[in-house]
Amino acid sequence: ADRKYQWFYAGRNGWWQFENRHCEELEEALQKGDSQYELQVSGFMYVIDLHQMVQYRKDRPGRTRRIKRDIISAPRKGVAGLRDD
Ligand code: V3L
């Protein structure tokens, strides 16, 4: 189904969109009312904290990265590390 919102994580000077499958999973977790969701990024488990709106690698919880849910047309650097140009 078409959605109005996408999910983004912070880069150094802008936002990266989560890959599509992750966006769908996060949207589902949000609708279910989950406070946390775990997803796998290149072999590592990441915790997505849907209250604090941060993510962190599960084995390295001290280092957090901001996330946001925003409209699809929000400025982004690219998708999951792949730059738009
Ligand atoms: N999806 C994909 N890759 C991720 C994600 C995610 N949700 N979270 C972390 N990484 P950390 P600039 C990012 C990558 O937080 O120049 C971007 O995608 C993360 O990639 O320390 O700062 C770029 O590829 C990082 O390489 O656990 O904007 C890159 O940073 C690595 O996992 C540089 O982006 C460790 O992140």
If you take all heavy atoms of [X] and [Y], which pair is closest and at what distance?
X: Q31; Y: R69; answer: NE2-NH2, 4.2 Å
X: E19; Y: V79; answer: CA-CG1, 3.9 Å
X: I72; Y: Q6; answer: CG1-CG, 3.4 Å
X: K77; Y: R12; answer: NZ-N, 4.4 Å
X: D49; Y: Q36; answer: OD2-NE2, 4.2 Å
X: R65; Y: A10; answer: NH1-O, 2.7 Å

### Query
What's the spacing between D34 CG and H51 NE2 if we round to 0.5 Å?
9.0 Å
### Query
Rounded to the nearest 0.5 Å, how far apart are OG of S73 and NZ of K4?
12.0 Å
### Message
Restricting to side chain to side chain donor-acceptor pair (under 3.5 Å), what partner residues turn up for Q17, sequence neighbours left out?
### Response
R76
#### Entry: Residues R83, W16; criterion side-chain contact (heavy atoms from CB on, under 4.5 Å); working and verdict
CA-CA 9 Å; R83 279 180 178 281; W16 294 97; 3.7 Å; yes
### Message
Running the 4.5 Å side-chain criterion over Ile, Leu, Val, Met, Phe, Trp and Tyr, what cluster does W15 land in, apart from itself?
### Response
F8
### Message
Apply the hydrophobic cluster definition, ILVMFWY joined by side-chain contacts under 4.5 Å directly or through others, and give me every member besides I71.
### Response
Y5
For atom [atom1] of [X], decide whether the heavy atoms of other residues, nucleotides or ligands shown that lie under 6.0 angstrom number more than 12.
X: K58; atom1: NZ; answer: no
X: Q52; atom1: CD; answer: no
X: E28; atom1: CD; answer: no

In this structure, would [X] and [Y] fall into the same cluster of hydrophobic residues linked by side-chain contacts under 4.5 Å?
X: V54; Y: M45; value: no
X: M53; Y: F18; value: yes
X: V41; Y: I67; value: yes
X: Y46; Y: Y56; value: no

### Query
Under the 3.5 angstrom rule, does the side chain of H22 hit a backbone N or O of Q40 as a donor-acceptor pair?
yes
### Task
Show the numbers, then the answer: is there a side-chain contact (heavy atoms from CB on, under 4.5 Å) between W7 and Q55?
CA-CA 12 Å; W7 291 78; Q55 65 160 52; over 6 Å; no
### Message
For a 4.5 angstrom cut-off between non-hydrogen side-chain atoms, does L39 reach L26?
### Response
yes
